[in-house]
Amino acid sequence: MSQLLQNTLYLLTPKLSVYRDGLALRIEQDRQLKLSLPIHNCESLLVFGPDIYVSPAAMRLCWENGASVCYFTEWGRLEARVEGIPQGSVHLRRIQHAAASDLVRTAEIARSFIAGKIHNTRWLLNRSARDAAETADAGALRSVSDILIRLLRQLPATADTDAARGIEGQAAALHFEVFGKHLRPQVRQKFPVDGRNRRPPRDTVNCVLSFLYALLRHDCVSALTATGLDPFVGYLHADRSGRESLALDLMEEFRPWAERQAITLLNRGELGSKDFAFREGGAVELTEAARKTLVGTYQTRKREETAHPLFKEKVRYGQLPFIQARVLARALREKTEYIPHLFT
């Protein structure tokens, strides 16, 4: 069904239709009205799966009022995004593009994103180690955390962006080698995981991660666009046609936060075998009920507050990508170091 959370409308049920009704979006199922939403209450429309229809008039209403329309696969991979003409600062984008053409500056910024990711991965590892039911699991998680410290120390000495990417790759591979240790033994038996896989995910854990990453990526694109930055021109992620490289850069420091949600949901039994569909060829998909659970959890977590280590103020988790986008914009303008958000 459709859900409106934090001004984002999630369309999860096949055969929904969205029409324009004056200055409102009219959501129907089998020609029955399910929801009428004034456009000024909507910032984004997220469409999951191929069987949901958004009329051209409804799409125009969205882009005329600054609301984006994003299309995802059933398992959460972003496929398309429709929005009006960006209103960002040309001057800021010139600075961003100039920095992306400067190999030294690109490496500096890429190292900051990687440092944030490694620090926050250690936060996740250490937290799971404290909660681990078995001593061996806690030891394995802490062992990887200790290796990540060494990689973190090597990072500033990397000669260029490619070398920094090598550090990031090592850290990610090490983390996914022990990712199953985040799960309780009985959960791990039910949902085995062997490294990261995607497009499509081939196990339940990666299926959940891919969906949460997709929600996070959408928020990072929105944050960068709202700040006036070009989400397609990144530093850690090289330019590729159609790829929102800067959004991928920004989400690196938030991936452990999304991963923590997946781990909690599975360990608490809020997702079970009935929440997954196993397709021929090995692909795993979320059921509609599971997608609703993930969306609800993700949005609930976004409303929770945390102390921002840089500004010493309480902010909502959902604000963090927007804050970090502005921190990045300031670092680009002032040619200073980008400071990632560090979870504690």
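We number each residue from 1, following the sequence as shown.
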CD on Gln319 to OG1 on Thr306, rounded to 0.5 Å: 11.0 Å
Indicate, with yes or no, if Trp63 and Val18 share a hydrophobic cluster defined by side-chain heavy-atom contacts under 4.5 Å among Ile, Leu, Val, Met, Phe, Trp and Tyr. yes
At what distance, to the nearest 0.5 angstrom, does CG of Leu248 lie from CG of Leu216? 10.0 Å
If you measure from CG on Leu342 to CG on Asn120, what distance do you get to the nearest 0.5 Å? 5.5 Å
Side chains of Tyr317 and Glu305: is there a donor and an acceptor less than 3.5 Å apart? no
Nearest-0.5 Å distance that lies between atom CG in Leu215 and atom SG in Cys70: 10.5 Å
Show your reasoning for whether side chain to side chain contact (heavy atoms under 4.5 Å, CB included) applies to Val178 and Leu125. CA-CA 9 Å; Val178 297; Leu125 287 162; 4.2 Å; yes
Is atom CG of Leu23 surrounded by more than 12 heavy atoms (other residues, nucleotides or ligands) closer than 6.0 Å? no
How far apart are the C-alpha atoms of Val315 and Leu320, what are their side-chain angles, what is the distance that settles it, and do they pass the side chain to side chain contact (heavy atoms under 4.5 Å, CB included) test? CA-CA 8 Å; Val315 298; Leu320 291 175; 3.8 Å; yes
In this structure, is the centre-to-centre distance between the rings of Phe72 and Phe211 below 6.0 Å? no
How long is the span from the CG atom in Asn65 to the CZ atom in Arg60, to the nearest 0.5 Å? 11.5 Å
Is there a donor in the side chain of Tyr298 and an acceptor in the side chain of Asp219, or the other way round, less than 3.5 Å apart? yes
Before accepting this row, confirm whether a basic side-chain N of the pair Asp275/Arg291 lies closer than 4.0 Å to the acidic partner's carboxylate O. no
Looking at the rings of Phe276 and Phe191, which for Trp means the six-membered one, are their centres under 6.0 Å apart? yes
Cluster question for you: counting only ILVMFWY and a side-chain heavy-atom cut-off of under 4.5 Å, with indirect links fine, are Phe278 and Leu266 together? yes
If hydrophobic clusters are built by linking Ile, Leu, Val, Met, Phe, Trp and Tyr wherever their side-chain heavy atoms come under 4.5 Å apart, do Val221 and Tyr10 end up in the same one? no
Checking side chain to side chain contact (heavy atoms under 4.5 Å, CB included) for the pair Met59/Arg20: CA distance, chi angles, key distance, verdict? CA-CA 8 Å; Met59 199 170 295; Arg20 177 172 184 164; over 6 Å; no
Check step by step if side chain to side chain contact (heavy atoms under 4.5 Å, CB included) holds for Glu252 and Leu236. CA-CA 10 Å; Glu252 292 295 349; Leu236 172 58; 3.9 Å; yes
Looking at Arg122, His182, Arg196, Lys117, which hits side-chain hydrogen bond (donor to acceptor under 3.5 Å, both in side chains) with His175? His182
Search all heavy atoms of Lys302 against all heavy atoms of Trp257 and return the closest pair with its distance. CG-CH2, 3.8 Å
Among side-chain atoms of Ser128 and Arg260, is any donor-acceptor pair under 3.5 angstrom? yes
If we count only N and O atoms by modelled type, under 3.5 Å, do the side chains of Glu108 and Tyr235 hold a donor and an acceptor together? no
Distance, nearest 0.5 Å, that separates OG of Ser17 from NZ of Lys34: 12.0 Å
If every non-hydrogen atom of Ser68 is compared with every non-hydrogen atom of His218, which pair is closest and at what distance? OG-NE2, 4.2 Å
Identify whether the distance between the nearest side-chain nitrogen and carboxylate oxygen of Glu259 and Arg255 falls below 4.0 Å. no
